[in-house]
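We count ligands from 1, going down the list as the structure has it; atoms in each ligand are counted the same way. Only a predicted model underlies this, so the values are computations on that prediction, with no experimental measurement involved.
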Amino acid sequence: MSDPMKKAKTSGSNAGPNPNQWDRLVGEGAPLARSLAEDMKRLESIGDAKFKVPTKTRIIAVANQKGGVGKTTSAVNLAAALASGGLRVLVIDDDPQGNASTALGAERNEDTLGLYNVLTREVSFFEILQQSKKLPGLYIAPSSINLALVDVELVEAPDRSTRLRETLYPALEELAEQGERFDYVIIDCPPSMSLLPINALIAAHEVLIPVQTEYYALEGLTQLLRTIEGARDGWNAGLRVSTILLTMASKNTNLSAEVSENVRDFFPEETLSVEIPRSVRIAESPSYGETVITYAPRSSGAIAYLAAAHELADRAE
Ligand SMILES: Nc1ncnc2c1ncn2[C@@H]1O[C@H](COP(=O)(O)OP(=O)(O)OP(=O)(O)O)[C@@H](O)[C@H]1O
Ligand SMILES: [Mg+2]
């Protein structure tokens, strides 16, 4: 009879990878080794580099009417990355799902005031802002499900499309009079083309479109670009798509690489060179009310968002 302990020693989970397996995992060219080397290279290139401070507040709408492509994840993590570098950043949660509020650890109970109360002109922006407990330069204008009522309640209002701009701009001007300002205002849009994202596109200077590196990545983008054009023609002549960010990229699939190439062909100037990898740390950080930047700062997801934030900041005027 064979000795079960002997078997456990040679083939059990404690046996460790044999040299061949090891080489496949971390040898030159292996996926793990490649991604570690890439992280190291990114960290080196970021080094102690300070974020470029924009000459005026940059207001960026993070939009894509396609659901689940990484809008919220990108909005909160880019914001946190910029704030971790000493910039002052406001995230506006323009989505009744309230995911950005959750990810930034915002307090939300029955009495919490949110974007709904601002858009219905009950209170000013200052009354809803919450400061992040993790990053002092980061603020959130939270939202909850009542924001969905805006679509119905404002339908007759002549200024229904411009409410966000009309409430945000005076608040920013009031800050300026006190010699203060946000360097970035990042607006997290919902996956629709309702009044809420329209308001964001009219309030913003720029649009950042997260694109998931999957088969249907470019589907629906034409509609989004048309809506952006509509916002530009009607109300916001300066609006431009400044940034495309590839999200949930996988180094190990041809599809991911093909989609990335395709998007880069369409948007050569706009697409950031950094791609955000699929990462467990990114996915689990919201459940702790944190961004990956504070939850797992050395993880490849955090490093990628930090590098993307640097690229975004370098493009400021
Ligand atoms: N790089 C990533 N790696 C792993 N998971 C990710 C990554 N980016 C996003 N996710 C996960 O994918 C899901 C969708 O992401 P997210 O909520 O950011 O998309 P969204 O575009 O804001 O969605 P919605 O359209 O519903 O607002 C979430 O569960 C998120 O945690
Ligand atoms: Mg979202």
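If you check which protein heavy atom lies closest to atom 7 (C) of ligand 1, you get Met248 CG, 3.5 Å. In this structure, atom 25 (O) of ligand 1 lies nearest to the protein heavy atom Lys71 NZ, 2.8 Å. The shortest contact between atom 3 (N) of ligand 1 and any protein heavy atom is with Ser279 N, 2.8 Å. Among protein heavy atoms, the minimum distance from atom 19 (O) of ligand 1 is reached at Gly70 N, 3.0 Å. Atom 18 (O) of ligand 1 has Thr73 OG1, 2.5 Å as its closest protein atom, hydrogens excluded (heavy atom only). Protein heavy atom at the shortest distance from atom 24 (P) of ligand 1 is Gly68 N, 3.5 Å. Atom 31 (O) of ligand 1 has its closest protein heavy atom at Ala283 CA, 3.6 Å.
Within the 4.0 angstrom cut-off, atom 29 (O) of ligand 1 has no protein heavy-atom neighbours. The nearest protein heavy atom to atom 13 (C) of ligand 1 is not closer than 4.0 Å.
Geometrically, ligand 1 and Tyr305 share no nitrogen or oxygen pair separated by less than 3.5 Å.
Residue Val69 approaches ligand 1 through these ligand atoms, each under 4.0 Å from one of its heavy atoms: 19 (O), 20 (P), 21 (O). Listed by atom number, the atoms of ligand 1 under 4.0 Å from Ile276 heavy atoms are 1 (N). Under a 4.0 Å criterion applied to the non-hydrogen atoms of Gln97, ligand 1 contributes the atoms 24 (P), 26 (O), 27 (O). The contact set between ligand 1 and Pro277, taken as ligand atoms under 4.0 Å from a residue heavy atom, comprises 1 (N), 2 (C), 3 (N). Of all atoms in ligand 1, numbered sequentially from 1 with element shown, those under 4.0 Å from a heavy atom of Gly67 are 25 (O).
In this model, a donor atom of one side chain and an acceptor atom of the other lie less than 3.5 Å apart for Ser260 and Glu275. With no hydrogens or angles considered, a side-chain donor-acceptor pair links Arg108 and Thr102 at under 3.5 Å. Neither side chain, Tyr305 nor Thr73, offers a donor N or O lying under 3.5 Å from an acceptor on the other. Side-chain N/O atoms of Glu107 and Gln130 include no donor and acceptor closer than 3.5 Å. Of the N and O atoms on the side chains of Asn109 and Thr112, at least one donor lies less than 3.5 Å from an acceptor on the other residue. A donor atom on one side chain and an acceptor atom on the other are found under 3.5 Å apart for Thr213 and Ser256.
The minimum heavy-atom distance between Ala231 and Leu239, with the atom names listed, is CB-CD2, 4.0 Å. A pairwise comparison of heavy atoms in Ala61 and Cys189 identifies CB-SG, 4.3 Å as the closest pair.
Of all protein atoms, those that are N, O or S and lie under 2.8 Å from the Mg ion (ligand 2) total 1.
Electrostatic pairing of Asp159 and Arg121 counts as a salt bridge here, judged by a charged N lying under 4.0 Å from a carboxylate O. Between Glu214 and Lys66, at least one side-chain N (NZ, or NE/NH1/NH2) sits under 4.0 Å from a carboxylate O, which counts as a salt bridge.
At a heavy-atom distance under 4.0 Å, only side-chain atoms of Asp95, from C-beta outward, approach ligand 1. The part of Ile282 lying near ligand 1 is the side chain, judged by heavy-atom distances below 4.0 Å. Neither the backbone nor the side chain of Pro210 has a heavy atom within less than 4.0 Å of ligand 1.
More than 12 heavy-atom neighbours from other residues, nucleotides or ligands sit within 6.0 angstrom of CZ on Arg181. Dense packing is recorded around CD of Glu122, with more than 12 heavy atoms of other residues, nucleotides or ligands lying under 6.0 Å away.
Remark: Arg88 qualifies as a cation-pi partner of Phe182 under the 6.0 Å distance and 45° angle criteria applied to the six-membered ring.
In the hydrophobic cluster analysis, where Ile, Leu, Val, Met, Phe, Trp and Tyr join through side-chain heavy atoms closer than 4.5 angstrom, Leu164 is grouped apart from Val62.
Listed for the Ser101 side chain is a donor-acceptor partner under 3.5 Å among the backbone atoms of Ser143.
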